[in-house]
> 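Below is one structure. I have some questions about it.
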Amino acid sequence: MQVYEAPLRDMRFVLHELHGDDGFGDLAAHAEFTPDLLDAVLEEAARMAQEILLPLNAPGDIEGCRIENGIVRTPAGFKAAYDQFREAGWAALASAPEWGGQGLPESINKLVEEMICATNVSFSLYPGLTHGATTAIEGHASDDLKQAYLPKMVSGEWSGTMCLTESHCGTDLGLLRTRAVPQEDGSYRVTGSKIFISAGDHDLTDNVIHLVLARMPDAPAGVKGISLFLVPKFLPNADGSLGNANGVTVAGIEHKMGMKASATCQMNFDDSVGWLVGEPHKGMAAMFTMMNTERVSVGVQGLGIGEAAYQSAVAYAKERLQGRALGGAKRPDLPADPIIVHPDVRRMLMTARVYTEGCRALGAWVSRALDAEKASADPEVRARATDFIALMTPVVKALFTDLGYESANLAVQTYGGHGYIREHGVEQYVRDARIAMIYEGTNGIQALDLVGRKMPARMGRNLRAFFHPVSNFLDAHEGEEAIKPMAQGLRQAFGALQLATGMIAQRGMKDPEEAGAAATDYLRLLGLVGMGYCFLKSARIAHQKLADGTDEAGFYKAKIATAGFFFDRILPQATAAFLAIKSGKRSTMALAEDAF
């Protein structure tokens with residue numbers, strides 16, 4: 001059975017207690033969003049997610065989406081849930097007030113996203129893709145396009161997509177064939193086919209606004225010849241009402257492993273009217289504004305599914321009776337002990353718990369940077385936030401989705417045979433989590449982006465935004481008795497990260513394959529150090545609270561215990577990652593292609 005209760009206390013911890021010293025400072029632009037107000041938002045979001053979205057998750061997976069008379073129909077209850085979601089203002093939570101949004105900080109928005117993803121990740125894609133599309137339009141479109149489309153997209157009346165992939169090119173978008181022919185009135189006629197389009201068509205909104213990558217007739221070859229176009233399903237009239245259909249049709253719905261209630265569509269554009277977004281042949285820059293937003297959100301999908309899977313596994317482990325504790329019966333009044341008494345079950349549950357709490361804490365740090373980049377009055381803070389976001393976006397996307405999938409698998413293992421069948425619902429988490437490691441750039445692509453672009457950019461300046469806070473915290477606090485063993489562990493892992501960074505930089509200059517072979521291990525190493533930094537700070541805060549006589553002793557003791565498990569059982573993975581990086585590319589590339 002799928003169970004979920006929003007982890008509000010931990011969310012308040014990462015929001016209000018953990019990152020006050022992150023170097024981004026207090027944001028005066030967000031002063032109106034008091035802790036009490038933000039807590040109220042979290043509580044209302046929890047109710048919405050638990051009461052409206054969670055009951056639709058398993059039935060939606062079973063029913064899936066279908067095409068009727070050329071229109072995609074979402075599962076029963078989704079339309080009513082979306083109407084409630086939109087009318088309550090959740091679609092507009094973090095959008096700019098200029099376009100009808102509420103302008104809440106990303107640090108709260110990402111926690112709301114986590115609750116939505118935990119309870120119904122398929123549902124999350126419909127408003128999630130729209131928010132990403134509005135980000136690209138706001139950043140690159142003309143004022144006329146913004147005025148015509150943003151208000152209704154921000155409100156959730158209209159939805160948005162991004163249309164990149166074609167069947168023959170995958171990630172290599174330089175091979176795409178969709179074409180855009182200029183017209184005398186300044187519009188374009190867009191023709192081509194796209195695949196894997198999340199929320200490409202559905203019955204939740206009146207109109208779907210597609211952002212489509214295409215080539216103009218005079219475009220240079222490769223990615224330098226790609227432009228971005230806004231193509232609506234229905235052309236709006238001058239008064240904003242819907243006009244004629246625009247030659248945008250659904251060729252089919254992908255038959256997927258998971259996320260079956262999310263309509264992943266094959267889309268055809270047949271002489272469809274569109275408008276240029278941004279500069280000609282600069283479509284990738286405009287699209288990456290949306291993609292980077294989506295990559296962080298995909299990481300949150302992994303976190304949300306991981307939390308839901310963990311909670312379901314804990315509930316089962318407390319109820320399932322099997323065997324006796326190795327040290328003697330814990331519940332002699334029962335015919336057997338609940339399986340949560342067994343060390344190996346504890347190992348699985350603690351691993352999933354550490355993954356979710358660690359990702360939430362690290363994600364909150366990145367969210368603080370997103371807010372600082374946008375709202376800080378200090379240009380140096382904004383620049384540092386930009387550097388940090390650039391470095392951490394591939395880490396959030398890849399690490400969070402890797403660990404979310406691992407957590408879902410651990411939940412199935414905790415259930416045993418019951419986890420492998422549909423009725424308990426945890427096998428859905430495995431299927432739903434798997435795609436997050438693939439779309440918005442596979443996790444291997446994220447690792448290559450990290451070592452190939454983000455790490456060496458501007459002589460390593462992005463790295464300083466991460467290295468300096470970790471180093472400064474260790475220098476200031478590693479001698480404190482309460483956290484000394486943990487600090488020593490982090491210092492060792494941080495040293496390995498620094499050595500690996502220099503090693504990859506040196507080898508990669510001579511041989512790019514060396515950097516490529518190290519990329520995935522380096523991303524995991526950087527992520528583990530980031531999580532370790534957050535756990536060390538959490539443990540220090542918890543010790544201080546307990547020393548001060550807090551009335552929440554149980555919460556803070558659990559924080560220390562969870563941090564202890566991370567440093568004992570998870571952070572040692574950093575050593576393995578470093579040794580793998582140190583080994584170089586030799587064994588990875590040794591086998592001849594025809595020997596595979």
> Return yes if a side-chain donor-acceptor contact under 3.5 Å exists between Ser142 and Asp144, otherwise no.
no
> Are Glu166 and Arg177 ion-paired here, with the side-chain N under 4.0 Å from a carboxylate O?
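Answer for the salt bridge query: no.
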> Counting only heavy atoms from other residues, nucleotides and ligands, does the tally under 6.0 Å from CZ of Arg66 exceed 12?
yes
> Is it the case that over 12 heavy atoms from other parts of the model lie below 6.0 angstrom from the NZ atom of Lys282?
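Result for NZ/Lys282: open.
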> Count the heavy atoms of every other residue, nucleotide or ligand shown that sit under 6.0 Å from CG of Asn69, and state whether that count exceeds 12.
no
> Show your reasoning for whether side-chain contact (heavy atoms from CB on, under 4.5 Å) applies to Ile197 and Met162.
CA-CA 7 Å; Ile197 308 306; Met162 58 179 180; over 6 Å; no
> Would you indicate whether Glu380, at its atom CD, is surrounded by more than 12 heavy atoms from other residues, nucleotides or ligands within a distance under 6.0 Å?
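No, the 6.0 Å shell around CD holds no more than 12 heavy atoms from other groups.
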> Among side-chain atoms of Ser159 and His202, is any donor-acceptor pair under 3.5 angstrom?
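Indeed, the side chains of Ser159 and His202 share at least one donor-acceptor pair under 3.5 Å.
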> Dump the intermediate steps for side chain to side chain donor-acceptor pair (under 3.5 Å) on Asp371 and Ser107, then the final yes or no.
CA-CA 7 Å; Asp371 289 332; Ser107 50; 2.9 Å; yes
> Let's go through Asn57 and Gln2 carefully: what are the C-alpha distance in whole Å and the side-chain angles of both, what is the deciding distance for side-chain contact (heavy atoms from CB on, under 4.5 Å) to 0.1 Å, and is it a yes or a no?
CA-CA 9 Å; Asn57 192 44; Gln2 295 177 349; 3.0 Å; yes
> Measure the shortest side-chain to side-chain distance between Phe33 and Val41 over non-hydrogen atoms and say whether it is less than 4.5 angstrom.
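Side chain of Phe33 against side chain of Val41, heavy atoms only: no contact under 4.5 Å found.
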> Hey, are Asp201 and Lys233 close enough for a salt bridge, meaning a charged N less than 4.0 Å from a carboxylate O?
yes
> Say whether Ser272 and Asn246, considering side chains only, have a donor N or O and an acceptor N or O under 3.5 Å apart.
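There is no such pair (donor and acceptor under 3.5 Å, judged by atom type) between the side chains of Ser272 and Asn246.
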> Does either side chain, that of Glu113 or that of Asn109, offer a donor lying less than 3.5 Å from an acceptor on the other one?
yes
> Quick one: do Asp206 and Lys152 make a salt bridge, cutoff under 4.0 Å?
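No, Asp206 and Lys152 are not salt-bridged.
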> Just wondering, are more than 12 heavy atoms of other shown residues or ligands nearer than 6.0 Å to CD in Glu87?
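Count over threshold, so yes.
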> Hey, does Arg295 have a side-chain heavy atom less than 4.5 Å from the side chain of Val396?
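Answer no - side chains too far apart.
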> With distance as the sole criterion, is a donor-acceptor pair present between the side chains of Gln301 and Tyr439 under 3.5 Å?
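There is such a pair between these side chains.
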> Quick check on the 6.0 Å ring-centre criterion: do His19 and Phe24 meet it?
no
> Quick one about Asn120 and Ser122 (side-chain donor to acceptor, distance below 3.5 Å, no hydrogens or angles considered), yes or no?
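No, because no side-chain N or O of Ser122 sits under 3.5 Å from a partner of the opposite role on Asn120.
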> Cut-off 3.5 Å, side chains only: do Gln446 and Glu440 have a donor facing an acceptor?
no
> Looking just at side-chain N and O atoms, do Thr74 and Asp203 make a donor-acceptor pair shorter than 3.5 Å?
yes
> What about the rings of Phe85 and Tyr126, do their centers lie closer together than 6.0 Å?
no
> Does a side-chain heavy-atom distance below 4.5 Å link Leu176 with Leu213?
yes
> How about Lys397 and Asn443: does a side-chain donor come under 3.5 Å of a side-chain acceptor?
yes
> Tell me, do Leu211 and Leu230 make a side-chain contact under 4.5 Å, heavy atoms counted?
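Leu211 reaches Leu230 side chain to side chain.
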> Using the salt bridge (Lys or Arg N to Asp or Glu O under 4.0 Å) rule, take Glu106 and Lys110 through it: C-alpha gap first, then chi angles, then the decisive distance, then the call.
CA-CA 6 Å; Glu106 281 298 330; Lys110 288 294 178 278; 2.7 Å; yes
> Could you check whether any side-chain heavy atom of Met259 comes within less than 4.5 Å of a side-chain heavy atom of Glu254, counting everything from C-beta outward?
no
> With a 4.5 Å heavy-atom cut-off, do Tyr149 and Trp158 have their side chains touching?
yes
